[in-house]
Each structure stands twice: as structure tokens, then as C-alpha cells.
Protein chains: 2
Amino acid sequence: MRLQSYACAYPSLRESLFVSTTPTVYDVAQQSGVSIATVSRVYRNPDSVRVETRERVLAAARALGYVPSGNARGLASRSTGVLGLCFPDYSDPDAEAEAIEAEEEDAATLYSDQIIRGMERAARRHGYALLIAASLEGGPESLVAKVAGRVDGFAVLARTVPTQELEVISRRQPVVMLAGPREGTDHLDHLDHIEVANFDGQHELTRHLIEDHGLRRPAYIGSAEESPDVEARFRGYLAACRSGGVQVSDEPDLRVAMMTQAEGQRAVDVLLAREGERPDALVFANDQLAVGALHALQQQGLRVPEDVVVTGFDGIPLSRLVRPALTTVRQPMLRMGEEAVELLIKRLTGARDAEPVSVMLPVTVVRRASCGCGREKDAGRGRHGRH
Amino acid sequence: MRLQSYACAYPSLRESLFVSTTPTVYDVAQQSGVSIATVSRVYRNPDSVRVETRERVLAAARALGYVPSGNARGLASRSTGVLGLCFPDYSDPDAEAEAIEAEEEDAATLYSDQIIRGMERAARRHGYALLIAASLEGGPESLVAKVAGRVDGFAVLARTVPTQELEVISRRQPVVMLAGPREGTDHLDHLDHIEVANFDGQHELTRHLIEDHGLRRPAYIGSAEESPDVEARFRGYLAACRSGGVQVSDEPDLRVAMMTQAEGQRAVDVLLAREGERPDALVFANDQLAVGALHALQQQGLRVPEDVVVTGFDGIPLSRLVRPALTTVRQPMLRMGEEAVELLIKRLTGARDAEPVSVMLPVTVVRRASCGCGREKDAGRGRHGRH
DNA sequence: ACCTAAAATGAATGCGCTTACAGTCGTATG
DNA sequence: CATACGACTGTAAGCGCATTCATTTTAGGT
């Protein structure tokens, strides 16, 4: 029994300042002459303890270097005060090291950074801390399980975690799925869910090109990997072309292996080498590709937007710094992080068994020079996306 | 006693799939006909359990939706498998909202993002997750204490946490201080410590201006807030001027209120309005200021670098995207995060009482167009900083 | 088949804290 | 003056898991 230590511990205050074992409530209690319950109350509910007693306890705690154990606290109170985020580790460390050497630090502004910032901020507002972990494989000792075991609820970037594992975990705590439509719908249909209006964004952007700029020969450059988000963009493009009376094929005009600047440059070379009439607009699945294309076009001596229009998707910072500035669709990543926390909090505070929520975040079409829009900064923007 | 639940719980498997209480080792043990010790072993040390038994336990765990409680685990084993980071919350949410509306998303690449990424990655390599929290005030229930109570060790960005509080906490677990020299040295001299070679970086950059470009009338634009890092930069500048035979005053030629682009613009206006000979080089304490200055100079019809040279500090992505590209000193933030984790791990795995370590990370002087350096990309760079 | 060492498992204890529940006083009421 | 009541504080019972030690199996050897 712990109580035995009451009898003999701490011969004197002087001694106890040099404890080698980390101090606990028992030590603080002993030192300040109260019970452990009172020590606990000083931290959990200060007002329930007489001022005089409280001060005495706090003084002892300070003297001993006492910090409440989050683990013990969490165990006893069945909640941790921590929210979590699992995201994939996109970055190949080697590639990135090279990139940094080569000053390609744009890669620096990652998707996940924004979400992390958004979540951290929102979590803090609610008094929570944030636990983050990029996931690797599954298995009983997977990072996801580790995160899940340490938080009150967490968010997962789509396609990060085996759905089966998520299914199990989500039975015992709130989970929010980020981006990507709920897959299959078979298992995960009871998760809350946040996605971005990819379809609407690309649709509106394409409509703008066709109707406002009179373009009739667009080409769409997509990706080989079939992420639901990217697919939704293409469908938005298709739909806009159809309703705009522009004839295009059911498939992207080109699929690149990765969505990088380098691939964007290659894409331009490939497209321009094809016979037939040159496209008057290059619609890229993301900004990285589009920026690469800008470089390639310049090298080929083609002017943007006079000779050919270029658009991207994502709204990364770089998109407005290139020349010409890139017309694109901005994704509200920061907001996605905040929204995720709000959903989790909602589940945590009552609405445990409410119907699963699905939030569609609106995107913003940002019209800049690369599509021919000039300085009509404010006039040329609008938000799109149903709720 | 918990054991009582053995008797009546779980009338049938069918039922048990709908437990409302979250399952524990007891449930899994009961369901798979073993003791809780064995369940625990399956997760902690799988090889110590017969394959057949292990499978049975895992099957039961899956069926019940069991996830080990990180809290209980941490409490029993006295370690969490989590590292922490405390950083200040620079961003004024309102200001940022505006910034985003105005497409000023450069603010997006924050100091802390890089460190977080670096730490997360390194932590993962060692099997740890990362807990992050931007700190506010102190007090017994401060976020720092909360973080400290939940991790095995953590890093703190300088000036984030009251040193007194840190002093107490660092008695019981490893803490690494990031950036900023160890203050006072009175209390925190037993913490590990990582800083950046601010002095050396600014020194080398200034030397380059003086010796390689023959500039003789530099002006230094510093900040009103006296952060140790920024001060070190100024001292590096001073030292280089001295040894280069260039006469300058002991104080920055100008101190701005905040280190923002807007202030950078104002700084140029102020400096050019002064009587006397115009400086031939403007040395700014960070990139933001320098970029603002670039705009202002252009407006004033002055050419960079022909009429006046401009340099920054930090190496933010924006610095290489502006025209002319900015000569600056790159800080290895990502690496700082990684290094922090390495130090923590080292403390955690044995070297508990070793002498406190102080790491000085080297910086890189990046010579670009704004100082007159041309395309001599590779030749024009070097690393500086002692270890 | 019998004995022994090694492997697998179980029983029991405690990690540090929260939280009913049960006192203990001091003081306002009847 | 006895009773009640409120404000504090102490007692005790876990929270879910890791782990030591004892016990049971199993494999190995002869």
C-alpha cells in the first residue's frame, strides 16, 4: 500500500528538494500536510479549497517540482484533453533533402501544415492539445491505434488508415474523416466527414474560362493516381464543358504520374508535340503542375494568357507569386482543420449518437492573370460550394 | 473489484458487439478465455505468447473494438511514447483572417510549421508521436504543464514559457530549449539547448557585401523588440563592419516596430528622407522587412542592386520568388526540429544526467540577385557556424 | 514412460489521480 | 442549548494496463 510511505518518507524539507523519483500527489500531500484528495482538488477545482490551504499545497508542489501526471489523470477521469490527427507522410525524405539543397522550398508549404495549424488553433480554443502522427502501416501496434488510445477523438486524412481499422476504432470514440468522399459507404458511413467542393470549384473555374473568356479548346491534365478529390475536379470540368457546349472527351487529355512541377513541364512538352490544333487553355489538376507548365511555356516562347490560358487548383501561396499569377481554386485547408475540431467537440459534448454529419467546405475561385483576368481583384472572385 | 464483472458480463457474442462501455483488457481476456496478463503480452511482446493463443486474443479484440488505453499503459509503464512541443501563438487570428481574404498567404509558412514537421518526422523515426500546443499564460493549469504531464520529454520555443515554470518541470523530464541563447543562465543552465548561428550568418553576409561587392556605406534595419536572436544578428553585422574597416554606429540605423513587409516599406521611406549620403546597402534583420523594402525602392525608382543592395535573413520561400531574388541567410528550421528530437531521445535512453548540451546549427548564406550576385548559384553559397 | 529445463500462462499488485461518500468543524436557527 | 446546515477535508475504491513471481504446460532427453 502506498499509505505506508506516509510514515517514513521525507525526513526533512531540505532532503525532499532532491528527490530522485518524480513527485506525486502523495509527496505534495505529505509535504503540505493534507490528503491527496485535497491536492487533487487544488488542481481540478481550486475554489473548493480554502485559500490558505490551497497556497500551502501549491507552495509544496512548486518546491517539489510537481507536475500532475496526464496519464493518471486521464485514466481516472476517462478523458485526456487531447485531440489527434493522422495524416500520410507524403514526403520522401531524400527527395526533400535534395529539394532543400536546390532551394525548392515551396514543397515546404504542405497540405498537412495548414490542417495542423487549423486544428491546433481550434483545439486550443476549446482547451485541448493536439497530437499528430504521420501514419505508416497498420497492425496492432500501428500509430493510429497509438493515437487513438491517447486522445478523446481524432481526425484522419482520407486514405491514411486502413478502413477496417478505422471502423473498429470509431466504435469507441469520435473520428472525423478529412477530404475524399466517404469511400465504399459500406463501413465508414457512421463517421463524420469533411470534404471540399472539388466538383463545384473546377466547374465554376471552367465555366469562367468558357463563358467569360470565350475559350473553346481546353485541355485537362489530370493525374494517374485516382484520388476521389482529383476525380471530382475532372468531373466538374467535364460538366462545365458539356453545359458550355464545348466538346471534350471522357478522359483527361493527359495523365501525369505525379502532381509536381517537373511533371507539369513535361506535360506541356507532350501536349504541344501532338498534332492537331493547339489547345487554347490548359486546365491542370493542381497548382504544382500549372506552375511547372508556366515555365515550360515560357521556354517554348508561348505567352500566357495571350497564346494559351493556364489554370491550377489548390491555391498554394506560390500560385500568386509566379508570373503571370495563377488563376486557381483555393482550398480552405486551415478551415478544414478548424471544422474538424468543431465536429469532434460536438461529439464529445453530448451529441454522441447523433446522425453522422457530412460537411462540404466551399472553395474560392481566384481569378488572376494566367486566365486573362486583370486587376479586377475583388470583382473577380466568388465562393462556390453547396453545403 | 473488477473481477465481479466476469460472472455476468456478455451473455453472448452477439450481444457483446454492441457494448456501450469501451472494452478493456478484461473484456478481451474474458472473451478469449485467457488472463489479462496474456492480453497485455499480445500487445507488448507478441512473441512471448503462443501463436494460437495470440490469434484468439486478437480476434476477440477485433470483435470487441478494443484499443489499448494509452493512459493506463503510460501510467503502468511510466512512459508515454509521446514527445511534445510548446510554441508561442504568433498569429493574431483576426489579422490572419484579413490576410487570407487579401491573399496574403505568405504568412502561411510559419516558423513553427517547419519545426513541427521536423520534429514529427524525427519523432516518428524513433517510434514517438508528437503533441503540440501553442502556449498562453502560465498558472497551475497552464498548457505547458498539461503537455509536460503527457509526454516523455519536450521542446520549447524560447520565450514561450515562464522560465520559472520550466525550471520546475525540467527537474523531472528532459526539456530542450529552441532558439534564443539560454537566458540569464541562472536557472535554465541545465537544459539542453539548440540555437542558430545568427551571429555567424549575419557576419558572413556582411563580410560578403563589404569584401566581395566593395560596399562601404551599409545601413542596418533592426527591430524594436530585443530578441536575443535578432540582437545576435546585429552583433554579427557590427563585427564584420569593424573588421572590414567600415565605420558604423553601435546602434542599428533604424529600428522598426514589427518585422513585417509594411514596416519594411516604411523603413525605406524613412531612410531615404534622411539627409546625408544615401546608403549603398540595406541590411535587414529579416526577410519580411527586406521584401517590403524591395517594393518601396521600386516605387522610388531605385534599382536593386545597381543603386542599392538589399539583404534579408531567414530564407523564407518568398525570398527567392521576389524580383530581384533576395540575398539572405537561411535558417534550418526543419533541422532544428529534428535535432531537438535527437537530443530528447538521447536523454531518454540513458544519458539522463549527462552534462547539458548546447547545439549551434549552421546557417547558409544564400547569395542571390539583390546583392549583385548573378547566376553563380552553386559557387556563391557556403555554410557558416561553429558547432 | 519419467524427469528436467524451458516456455507459456495466471494471480496479484500498484502506477498516480479522480471522485463519491463520509466525516469534522463552526455557525446560523429553533 | 440542541439541531441543522454549509464549507472543507479525509477515506477508500477504482480507472486499465504492465509486470513480477508463482504455477502450469510443453518439449527434450534418456
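Numbered from 1 within each chain, the chains take letters A, B, ... in sequence-line order.
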Euclidean distance, atom CD of residue Gln30(B) to atom C1' of dG10(C) [Å, nearest integer]: 16 Å
Residues Tyr26(A), Tyr66(A); criterion ring pair (Phe, Tyr, Trp, His ring centres under 6.0 Å); working and verdict: CA-CA 10 Å; Tyr26(A) 291 94; Tyr66(A) 169 73; over 10 Å; no
Would you indicate what Val49(B) reaches in the nucleic acid, counting non-hydrogen atoms under 4.0 angstrom: base, sugar-phosphate, or nothing? sugar-phosphate
Rounded to whole Å, how long is the line connecting atom CG of Asn71(B) with atom P of dT18(C)? 12 Å
The side chain of Arg50(B) is closest to which nucleotide in this list: dC17(C), dT9(C), dC15(D)? dT9(C)
Nucleotide nearest Ala37(A) when distance is taken to its side chain, options dC15(D), dT18(C), dT19(C): dT19(C)
Could you tell me whether Ser69(A) contacts a base, only the sugar-phosphate backbone, or nothing, with contacts defined as non-hydrogen atoms closer than 4.0 Å? sugar-phosphate
Send over the distance from Arg44(A) CZ to dT9(D) C1', rounded to a whole Å. 18 Å
On the side chain of Tyr26(B), is there an atom forming a donor-acceptor pair with the base of dC15(D) - under 3.5 Å, no angle test? no
Rounded to the nearest angstrom, tell me the gap between atom CZ in Arg54(A) and atom C1' in dT9(D). 14 Å
Candidate nucleotides dG16(D), dT19(C), dA18(D), ranked by approach to the side chain of Ala72(B) - the nearest: dG16(D)
Quick one: are Asn71(B) and Arg150(B) in side-chain contact, heavy atoms under 4.5 Å? yes
For Asp47(B) and dA7(C), what is the distance between atoms CG and C1' respectively, to the nearest whole Å? 13 Å
When rounded to whole Å, the CG to C1' distance for the pair Asn45(A) and dA20(C) reads 14 Å
In whole angstroms, how far is the P atom of dC17(D) from the CZ atom of Arg73(A)? 21 Å
dG10(C) OP1/OP2 closer than 4.0 Å to side-chain N/O of Ser35(B): yes
Choosing from dT19(D), dC15(D), dC15(C), which nucleotide comes nearest the side chain of Ser77(B)? dT19(D)
Once you apply a heavy-atom cut-off of 4.0 Å, does Thr38(A) come out as touching a base, just sugar-phosphate, or nothing? sugar-phosphate
Given atom CG of Leu64(A) and atom C1' of dG16(C), what is their separation to the nearest angstrom? 15 Å
dG10(C) base to Arg41(B) side chain: any donor-acceptor pair below 3.5 Å? yes
Atom pair CZ/CD of Phe87(A) and Glu120(B) - distance to nearest 0.5 Å: 4.0 Å
Where the side chain of Val25(A) is defined as all heavy atoms beyond and including C-beta, which of dG16(C), dA18(D), dC15(D) is the nearest nucleotide? dG16(C)
Phosphate contact (dA7(D) OP1 or OP2) by Ser48(A) side-chain N/O below 4.0 Å: no
